[in-house]
Amino acid sequence: MNALDVADLHKSYGPRTLLDGVDFTVGEGEKVGVVGRNGCGKTTLFRILAGLEEADGGRVRTCRGLTFDYLPQQPVLDPGLTVRQTLERYLGEGREKLDRYQAIGAALATADAGSTRELLEEQHRLQSWLDLHGAWNPDHRVEEICTRFGIANLAQRVGELSGGWSQRVALAGVLLRQPDLLLLDEPTNQLDADTVAWLEERLKSYPGAVLLITHDRYFLDRVVDRMFELDSGSLSVYGGGYSAYLEQKQERLLGEERQQTRLLNMLRREEAWLRQGAPARSTKQKARIDRVDKLRDQKTTARRGEVDLAFHARGRLGGTILEARGLGVAFGDTPVFSGVDLTLRKGERVGILGPNGCGKTTLVRALLGQLEPTRGEVVRGKNTRIGYLDQERSGLDPNQYVEDALGDGEWVEL
């Protein structure tokens, strides 16, 4: 049985079409990855499936009684609640059903023969639900998942958490609720490597269906059974993980290229015949002229553009771009890191790894001068200019147009 059935889905923003007659199904327990270029409509599709946005046309059907959760890239949690209170909200339905199951057990002791049958039938339905969702011991489940995600302070308010920790709490919540369908939009973005590895195993054994967006090709290879690709408003379906998708897509593109080559050769011959002043007196000749028009309609002229990003410094740079000497940061009596020595030289690329909360962002802010170090110093090269993109993308004004945000120089339209 299908958990989700989508037919002829359409969505446009002004002249831009994101979904143009999209069709697909997702079976119960199936794991599906959704890929496509940024801005192609992946998140819009998820918001429509979650009922947060209206489609322009088409149909979205789910099996009767299906429960689902949607985890966006930036989860919206109540900042006034503690972590424990937030997780309890996700457990609400499970606790209600467990309390009702226990109440029925007590009621059966005094029930008459007429009501006993009804109570037993309800108890059986509740037992099946509790078995499926693993909801018999909610307190143990909270403890287990918090240990897995490294969530230690359940009394801390959500508003005090960083973006990475908020993501963990929201992800822990949807996994605790364990709905029949999970819609996950970039769930690994702010997770460390160990947590991503655990999440892979958790989703592979997840009893419900999972539809996820991610650019992590290794995650897709290990988790999903099928791949959906959104491109130019259309959705293509591929079997297997990311590697299988690449192979199948390459075969499809080669087949389309061969088909286009044959079509263009035929079109050239027919257009040459037309240029000779072909008469349209007979039915056969008229049909041949109509065929030329059909061939022209089948010819694809759109080409996919490629972006080449090259970073070049303006002006002359010295050998050392930035240097940290004995750098340390502490918040009150709690040290975050100490004794950091780091030298960045021209042309180097450096990655910073570590579990959430270990101080990666704090280190970057100290290097930028946004945070005063407790000890040590940061020395910048004479001509060093720094660009910084944080997790919240706070440098962007959501009310600006893209043209204004990208720059204020001259523009040339081609």
Side-chain angles (χ1 to χ4, degrees), residues 46-47 49-52 62 65-107 122-123 125-192 194-196 198-199 201-203 205-212 355-357 391:
F46 271 38
R47 287 179 58 82
L49 297 179
L52 300 176
T62 59
L66 178 130
T67 58
F68 70 89
D69 263 315
Y70 168 51
L71 183 70
Q73 294 183 35
Q74 295 179 312
V76 180
L77 303 176
D78 188 336
L81 297 180
T82 65
V83 173
R84 185 183 296 279
Q85 290 170 332
T86 301
L87 295 178
E88 280 297 326
R89 282 191 168 187
Y90 286 98
L91 284 171
E93 183 183 9
R95 286 198 183 276
E96 287 177 8
K97 292 186 183 297
L98 181 60
D99 290 343
R100 177 58 184 161
Y101 180 87
Q102 293 169 344
I104 291 175
E122 184 183 358
Q123 189 182 51
R125 289 195 299 271
L126 289 169
Q127 181 178 345
S128 299
W129 191 95
L130 292 166
D131 286 341
L132 178 64
H133 293 82
W136 290 103
N137 193 337
D139 292 326
H140 174 71
R141 292 181 64 217
V142 170
E143 181 182 345
E144 179 187 24
I145 204 160
C146 285
T147 300
R148 291 291 189 181
F149 279 107
I151 302 171
N153 187 2
L154 296 181
Q156 187 176 13
R157 297 204 176 275
V158 169
E160 301 170 357
L161 299 175
S162 67
W165 283 106
S166 296
Q167 176 88 354
R168 283 177 176 237
V169 171
L171 185 53
V174 298
L175 291 175
L176 279 172
R177 183 145 56 193
Q178 199 162 297
D180 304 317
L181 172 64
L182 270 179
L183 303 171
L184 305 177
D185 192 348
E186 299 286 3
T188 64
N189 263 5
Q190 300 188 53
L191 300 181
D192 57 63
D194 290 339
T195 309
V196 170
W198 176 83
L199 183 61
E201 297 302 318
R202 181 70 180 86
L203 291 181
S205 61
Y206 188 77
V210 179
L211 201 59
L212 67 94
N356 289 108
Q391 294 179 26

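One-based numbering along the sequence shown.
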**Prompt:** Is there a donor-acceptor contact under 3.5 Å from the side chain of Arg84 to the main chain of Ala155?
**Reply:** no
**Request:** Would you mind reporting whether Asn137 and Glu144 have side-chain heavy atoms less than 4.5 Å apart?
**Result:** no
**Asked** Once you round to the nearest 0.5 Å, how far does CZ of Arg148 lie from CG of Leu171?
**Response** 13.5 Å
**Prompt:** Under a 4.5 Å cut-off applied to non-hydrogen side-chain atoms, are Leu211 and Leu49 in contact?
**Reply:** yes
**Request:** Please examine the side chains of Asp78 and Arg89, heavy atoms only from C-beta on, and report whether any two atoms are closer than 4.5 Å.
**Result:** yes
**Message:** Within a 6.0 Å radius of atom CZ on Arg202, are there more than 12 heavy atoms belonging to other residues, nucleotides or ligands?
**Reply:** yes
**Request:** Please examine the side chains of Trp198 and Ile145, heavy atoms only from C-beta on, and report whether any two atoms are closer than 4.5 Å.
**Result:** yes
**Asked** Is the shortest heavy-atom distance from the side chain of Pro75 to the side chain of Gln167 under 4.5 Å?
**Response** yes
**Item:** Flag side-chain contact, heavy atom, 4.5 Å: Thr62 against Phe68
**Value:** no
**Prompt:** For the residue pair Trp165 and Phe149, is the inter-centroid distance of their aromatic rings smaller than 6.0 Å?
**Reply:** no
**Message:** Is there a side-chain contact between Cys146 and Leu87 in this structure, where contact means two heavy atoms from C-beta onward sitting under 4.5 Å apart?
**Reply:** yes
**Prompt:** Would you say the side chain of Glu96 lies within less than 4.5 Å of the side chain of Leu126, judging by non-hydrogen atoms?
**Reply:** no
**Message:** Quick one: does any side-chain atom of Asp180 pair with a main-chain N or O of Gly208 as donor and acceptor, under 3.5 Å?
**Reply:** no
**Item:** Closest approach of Leu77 to Ser166 (non-hydrogen atoms, all atoms of both residues)
**Value:** CD1-O, 3.8 Å
